[in-house]
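Everything on this sheet refers to the single structure shown next.
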Number of protein chains: 2
Amino acid sequence: MTSKQREARQGKATIFDVAEQAGVSIKTVSRVVNNEPNVRESTRDKVLEAVGRLRYRPNVAARSLSGRRSWVLGLVYGSPDEFSYMKDVLDGALSACEERDYSLLLRPLTLPSAELVDQVERFITQARVEGVILPAPMGDLPDLQRLLRRLEIPFAAIAPKVATAGQVTILCEEQAASFALTEFLIERGHRAIGFIKGDPDHGAAAKRFAGYRQALAKHGIRYQGRLVRQGYFNFDSGKAAAAELLDLPQTPTAIVASNDDMAAGALLAARQRGLAIPHALSVVGFDDTPLASRLWPPLTTVRQPIREMAKTAAELLMDLLNGKATQPPAAPFACEIVVRESTT
Amino acid sequence: MTSKQREARQGKATIFDVAEQAGVSIKTVSRVVNNEPNVRESTRDKVLEAVGRLRYRPNVAARSLSGRRSWVLGLVYGSPDEFSYMKDVLDGALSACEERDYSLLLRPLTLPSAELVDQVERFITQARVEGVILPAPMGDLPDLQRLLRRLEIPFAAIAPKVATAGQVTILCEEQAASFALTEFLIERGHRAIGFIKGDPDHGAAAKRFAGYRQALAKHGIRYQGRLVRQGYFNFDSGKAAAAELLDLPQTPTAIVASNDDMAAGALLAARQRGLAIPHALSVVGFDDTPLASRLWPPLTTVRQPIREMAKTAAELLMDLLNGKATQPPAAPFACEIVVRESTT
DNA sequence: CTATGGAATGACAACGCTGTCAAGCTGGAA
DNA sequence: TTCCAGCTTGACAGCGTTGTCATTCCATAG
């Protein structure tokens, strides 16, 4: 049976079939397929032609087994999390992986969890994951970090609180964005500006809060703790926090929520108190999720290039795995204020 | 070097190490690990103990290569789609895969696309995907179906328009739910009930519309085409469709939108016309996305057990791949009406 | 013309597991 | 007691690549 017949019948040409067709050894085929140097141009062409004719695809299992590399990246995320965020992370990571023929495996986790470390360890050893992408707040779990270090698995953290030496860290100018957002309100005359903090486990929470304080300071507005409430990046906590602010003797005229979901909660709290938005109260969010544009009124918020951040995270992680010089930590990504109708 | 030392140093015990520790052949270890029959209980225990001590994990690459099975399922989805839906699908599929030691690979697609077939073919052949999960509307693309048939790749379609013989089909009682939802409005006195259809490419669109008509018929309400508008399962189309309905000489007192995102659009259109909801207009959605509860007023809608549906889809697909008798098409899943405040 | 060294190519042994098939055991029937 | 069937177990050959190292080729220097 010729290789051509084999291919036609099974749709599974092997490296031997290609070698036969091209009249070279399997090793040469391997070199061409893997873009290795030291192959004569004419040889390369012959091989490539055979590859095309036979529709040859290297068998990933054989490649992994022989090369002792899995070409698999893992993405560990909090399962109940804000999913529009994860969608973007997924999109970005997936596109980076596809470009370089890596596979991406997902591992949702419920936090907090005692079994977390076991679950991730099983995930990594089972699938022979080579590197892990850690979207916030996964980049800040000490147990997880320890595990990865023990397993000698490199990782890329997206928006962690603190960068880890030797690993990939992707940051966004969240503090600057929060600063700009707050300043935006100040410039429009607001002086009593409430703030709803995010989950302290997320690095983002502190940065967004810092930007708020920084803006107040710059404009000579006294910081008042009574205008600040703790939230947890979700709707209910935003609603509760806003309710407290709006029941204050002296009510703020604007509220900065640390993300859109909490801003949505704030909108609801305002509505329950008969406050017209934005006239009686301005509300701003953070993240520009789909929710922001579907709410009434549509939210003024901050857009982060999550997709690009995740893509870069995956790319730098792959570079790290392949021994390419780790760039100095990538410059933080820029955010963008999206002005809609929830602000005067 | 003993296997114990090897394990300690590398964290990578092989089947040989386990065999040595347990005093059996590698084949017996293989049998135990794969739960094959005909292994004496005492032998099994010895092996299991060695497995535990060495923290042995079979190498998936070797297993795939040798067994000519990849143990990989693919999930093909429309990338810009409603993502809360995909989150649930992902959750369900992932949990099923995890239970049976399958891997799940994702392939987002932008529809419509001329390269769709090529992209999916590359996806499948590259990763040696054994079976594919097709959430709506992926289950209804003729090109895709043809491709999968040619490649002899079984698939599981979630909520397709029509079931495909020999494949897994997972359905939900959408028509019944839509019927119940419409009837719910009728019972509350509504007679002029508008309807916003979904994307005709989704099987769900027709079923939801049918349920609406069925409810009208049951209650002797004349069907009026003027109260029905075409939408595409997204916010903007819902807003536009609702705007048309609300600008009619004789306005409906309730609107059934075929999903939540369109219902959100309808809410906006109503607000722009100064209509108080639910007093001047009732609006209902479908899907119970997170959006539904964050809108004002929170939407009355229908919850589908998407997660369970996806899990079952994956399970039945794996059964199919492993030659287990394909059950008669699984009974459709039940939906549930969630009453909130967007209806009188 | 020959020597030389790097570029180009190939032979062959892993990689870690499962499938196949043969062999060893065991207990009950004859 | 012997025999047989069925349960257990093991030896060994792949599976399709890549890594290693040897060999061949070729252009250039001497």
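Quantities reported herein were computed from a predicted structural model and do not represent experimental measurements. Numbers restart at 1 for each chain; the letters A, B, ... are given by sequence-line order, proteins then strands.
Comparing Arg31(B) and Arg63(B), the nucleotide of DNA chain C nearest to each residue sits closer to the 5' end for Arg63(B). Summary of the strand contacts: Pro37(B) and Arg68(B) both lie near DNA chain D, and taking for each the nucleotide with the nearest heavy atom, the more 5' one is attributed to Pro37(B). Comparing Lys27(A) and Gly67(B) by the nucleotide of DNA chain D that holds the closest heavy atom to each, the one mapping nearer the 5' end is Gly67(B).
Atom NZ of Lys12(B) and atom P of dG16(C) are 10 Å apart (whole Å). Here the C1' atom of nucleotide dG14(D) and the CZ atom of Phe16(A) are 11 Å apart, to the nearest Å. Atoms CG (Asp101(A)) and P (dT18(D)) sit 12 Å apart, rounded to a whole Å. For the pair Leu65(A) CG and dA13(C) P, the interatomic distance rounds to 17 Å; values are reported in whole Å. Rounded to a whole Å, the CH2 atom of Trp71(A) is 12 Å from the C1' atom of dT17(D). For the pair Glu20(A) CD and dG16(D) P, the computed distance is 14 Å after rounding to whole Å. Atom-to-atom, CD1 of Ile15(B) to P of dG16(C) comes out at 11 Å; the value is rounded to the nearest Å. As rounded to whole Å, 16 Å separates atom P of dG16(C) from atom CZ of Arg69(A).
Residue-level contact check: Val24(B) touches the backbone only, with heavy atoms under 4.0 Å from sugar-phosphate atoms and none from bases. Within the nucleic acid shown, Arg57(A) comes within 4.0 Å of sugar-phosphate atoms alone, with no base atom in reach, counting heavy atoms only.
Of all heavy-atom pairs spanning Met86(A) and Pro135(A), the tightest one is SD-CG, 4.0 Å. Considering all non-hydrogen atoms of both residues, Ala313(B) and Val168(B) come closest at O-CG1, 4.3 Å.
For Glu36(B), taking side-chain heavy atoms from C-beta onward, the closest of the listed nucleotides dG10(D), dG19(D), dG19(C) is dG19(C). Here the nucleotide nearest the side chain of Ile26(B), chosen from dA8(C), dT17(D), dC12(D), is dC12(D). Side chain of Asn34(A), nearest nucleotide from dT9(D), dG16(C), dT18(D): dT18(D). Closest contact between the side chain of Thr43(B) and the listed nucleotides dC17(C), dT9(D), dT17(D) involves dT9(D).
Side-chain nitrogen and oxygen atoms of Thr28(A) include at least one within less than 4.0 Å of the OP1 or OP2 phosphate oxygen of dG10(C). Applying the 4.0 Å criterion to OP1 and OP2 of dT18(C), one finds that Ser30(B) has a side-chain N or O inside that range. Using a 4.0 Å cut-off, no side-chain N or O of Asn38(A) falls inside it from OP1 or OP2 of dG6(C).
Ion pairing of Arg107(B) with Glu98(A) is present here, as a side-chain N (NZ or NE/NH1/NH2) and a carboxylate O approach within less than 4.0 Å.
Using a distance-only test at 3.5 Å, with no hydrogens or angles considered, a donor-acceptor pair links the side chain of Glu130(B) to the main chain of Ser70(B). In this structure, the side chain of Asp17(B) engages the main chain of Thr14(B) through a donor-acceptor pair within 3.5 Å. The closest donor-acceptor contact from the side chain of Arg68(B) to the backbone of Ser66(B) lies under 3.5 Å. The backbone N or O of Asp140(B) lies less than 3.5 Å from no partner atom in the side chain of Gln145(B), so there is not a single donor-acceptor pair.
In terms of polar N and O atoms assigned as donor or acceptor, the side chain of Ser66(A) never comes within less than 3.5 Å of the base of dG19(D) in a complementary pairing.
The overall bend of the helix from dC1(C)-dG30(D) to dA30(C)-dT1(D), read as the angle between its terminal helix axes built from five base pairs each, is 50° when rounded to 10 degrees.
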- prompt: Run the salt bridge (Lys or Arg N to Asp or Glu O under 4.0 Å) check on Lys87(B) and Asp91(B) step by step: do they pass?
  reply: CA-CA 6 Å; Lys87(B) 172 194 172 19; Asp91(B) 266 13; 3.6 Å; yes
